[in-house]
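Have a look at the structure below, then the notes.
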Amino acid sequence: MKVTKADIVISAVKPEQYPVDQLPEIGLAGRSNVGKSSFINKMIARKNLARTSSRPGKTQTLNFYIINDQLYFVDVPGYGFAKVSKSEREAWGKMIERYIMERPQLKAVVLLVDLRHAPSVDDVLMYEWLKHYEIPVIIVATKCDKIPKGKWQKHLKVVKETLKKKPEDPLLLFSSETGYGKDAAWGSIIEHMKR
Ligand SMILES: Nc1nc2c(ncn2[C@@H]2O[C@H](COP(=O)(O)OP(=O)(O)OP(=O)(O)O)[C@@H](O)[C@H]2O)c(=O)[nH]1
Ligand SMILES: [Mg+2]
């Protein structure tokens, strides 16, 4: 998809703040620092519209980005960030749960995992939880620039087996650094938007 227009519309913490225009939405989920905001920036070819940081926990709210007046990317705060209090973690959980469970226009969640490592316990829980609520998931193994090409298949196999990936969910390679996998990711997102 050629992105000609992209803007942040709102940073929301509760449903009353979500956009009301019924456009399809694609959520981004994954561990803190895995590269969700970087994924959005690469996909829309903007340097830092979705704010990124080497410090985990950068994204704290549900950030709605409107793309070509056609769809939203919803940047979701990452999980698994140790420096978060129990009450913050609970607030996070409630915010995500409300969004994911009560949002018919949510067409799919892009679940980002780090290609370098086996998915964490939290990654597995997140995947199982999304599947439980019958949300289509596009699994994106990112930071593939950090692994030599010859080892990609081996690492993909670990991701697939650890998550117990369902056959209907695609697993794609990606790099926000090089742009590898951008067209495939758009292809999958567009397919899910039409459902
Ligand atoms: N080499 C490489 N670095 C990446 C890639 N994607 C993200 N990064 C780096 O990883 C760090 C975290 O990226 P973010 O996009 O801010 O991560 P996030 O998932 O949005 O993190 P939170 O907002 O804290 O949940 C930054 O330093 C990025 O530059 C990638 O594909 N390759
Ligand atoms: Mg972020």
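Values below: all heavy atoms of this structure, side chains included; hydrogens, waters and symmetry mates excluded. As the structure is a prediction and not an experimental result, all values here were calculated from the model.
- The shortest side-chain heavy-atom distance between Trp186 and Val3 falls under the 4.5 Å cut-off.
- Note: the hydrophobic cluster containing Trp129 also contains Val76 (ILVMFWY, side chain heavy atoms under 4.5 Å, direct or indirect links).
- Aromatic ring orientation, Tyr72 versus Phe64: perpendicular (interplanar angle above 60°, classes split at 30° and 60°).
- For the pair Ile139/Leu163, a side-chain contact is recorded, criterion being any heavy-atom separation below 4.5 Å from C-beta on.
- Following chains of ILVMFWY side-chain contacts shorter than 4.5 Å, one cannot reach Tyr99 starting from Leu112, and the two form parts of different hydrophobic clusters.
- Residues Lys36 and Phe73 are not in side-chain contact: their nearest non-hydrogen atoms beyond the backbone lie 4.5 Å or more apart.
- For Lys5, the side chain to side chain contact (heavy atoms under 4.5 Å, CB included) test picks out Asn68, Asp69, with sequence neighbours left out.
- In the hydrophobic clustering of ILVMFWY residues, with side-chain heavy atoms under 4.5 Å counting as a link, Val140 and Leu125 come out apart.
- Rounding to the nearest 0.5 Å places CZ of Arg103 at 10.0 Å from CG of Leu62.
- For the pair Lys165 and Glu161, the salt-bridge criterion is not met [side-chain N within less than 4.0 Å of a carboxylate O].
- Note that CD of Glu25 is 11.5 Å distant from CD1 of Ile67, once rounded to the nearest 0.5 Å.
- Listed here is the closest heavy atom pair of Asp75 and Ser37: OD2-OG, 2.6 Å.
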Please test Lys164 against Val124 for side chain to side chain contact (heavy atoms under 4.5 Å, CB included), starting from the C-alpha separation and ending with a verdict.
CA-CA 8 Å; Lys164 300 200 179 71; Val124 175; over 6 Å; no
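- Applying the side-chain hydrogen bond (donor to acceptor under 3.5 Å, both in side chains) definition to pairs two or more places apart or across chains, those involving residues 42-52 are Asn48-Thr52.
- Among residues at least two apart or in separate chains, side-chain hydrogen bond (donor to acceptor under 3.5 Å, both in side chains) pairs with a member in residues 175-185 are Asp145-Ser175, Ser175-Thr178.
- With a 4.5 Å cut-off on side-chain heavy atoms, Ile138 and Ile189 count as touching.
- Heavy-atom minimum distance, Ser188 versus Leu172: CB-CD1, 4.1 Å.
- Across all their heavy atoms, Ile10 and Pro19 have their closest contact at CG2-CD, 4.3 Å.
- Inter-residue side-chain proximity for Leu28 and Val74 is flagged as unmet; no heavy-atom pair is nearer than 4.5 Å.
- Residues satisfying the ring-ring contact (aromatic ring centres under 6.0 Å, His included) criterion with Phe39, sequence neighbours excluded, are Phe174.
- A donor-acceptor pair under 3.5 Å is absent between the side-chain atoms of His192 and the main chain of Lys107, judged by distance alone.
- None of Lys149, Lys143, Lys151 except one satisfies the side-chain contact (heavy atoms from CB on, under 4.5 Å) rule with Ile147; the exception is Lys151.
- A 4.5 Å side-chain heavy-atom check between Tyr65 and Ile40 finds at least one atom pair inside the cut-off.
- Judged by distance alone, the side chain of Gln17 and the main-chain N or O of Lys14 form a donor-acceptor pair under 3.5 Å.
- Side-chain atoms of Pro77 and Thr61, non-hydrogen and from C-beta on, never get closer than 4.5 Å to each other.
- Hydrophobic clustering of Ile, Leu, Val, Met, Phe, Trp and Tyr side chains at less than 4.5 Å, counting indirect connections, keeps Met193 apart from Ile66.
- Side chain to side chain, Asp122 and Ser120 fail the donor-acceptor criterion of an N or O pair below 3.5 Å.
- Here the closest heavy-atom approach between residue Val158 and residue Pro119 is recorded as O-CD, 4.2 Å.
- Counted by atom type alone, Glu88 and Ser85 present one or more donor-acceptor pairs between their side chains at under 3.5 Å.
- Every pair tested for side-chain hydrogen bond (donor to acceptor under 3.5 Å, both in side chains) that includes a residue from residues 133-142 fails, sequence neighbours excluded, so the list is empty.
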Taking it one step at a time, do Val110 and Ile26 satisfy side chain to side chain contact (heavy atoms under 4.5 Å, CB included)?
CA-CA 7 Å; Val110 173; Ile26 302 289; 3.7 Å; yes
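- With sequence neighbours excluded, no residue forms a side chain to side chain donor-acceptor pair (under 3.5 Å) with Thr162.
- When all heavy atoms of Gln60 and Met95 are compared, the closest pair comes out as O-CE, 3.7 Å.
- In this structure, Gln153 places its CD atom where only 12 or fewer heavy-atom neighbours from other residues, nucleotides or ligands lie under 6.0 Å away.
- You'll find the side chain of Leu23 stays beyond 4.5 Å of the side chain of Leu71, heavy atoms only.
- Between Asp169 and Lys131 there is a salt bridge, since a side-chain N of the basic residue sits under 4.0 Å from a carboxylate O of the acidic one.
- The hydrophobic cluster containing Leu106 also contains Tyr127, counting ILVMFWY residues as joined when their side-chain heavy atoms lie under 4.5 angstrom apart, directly or transitively.
- Summarising the geometry, atom CZ belonging to Arg116 is positioned 4.5 Å from atom NZ belonging to Lys146; distances are rounded to the nearest 0.5 Å.
- Taken to the nearest 0.5 Å, the CD1 atom of Ile44 stands 13.0 Å off from the NZ atom of Lys2.
- Between the side chain of Trp92 and the main chain of Tyr79, no donor-acceptor pair closer than 3.5 Å is present.
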Test Lys160 against Leu171 for side chain to side chain contact (heavy atoms under 4.5 Å, CB included), laying out the working first.
CA-CA 8 Å; Lys160 195 173 158 182; Leu171 169 58; 4.2 Å; yes
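- Lys166 contributes atom NZ, which lies 11.5 Å from atom CG of Leu130 (distance to the nearest 0.5 angstrom).
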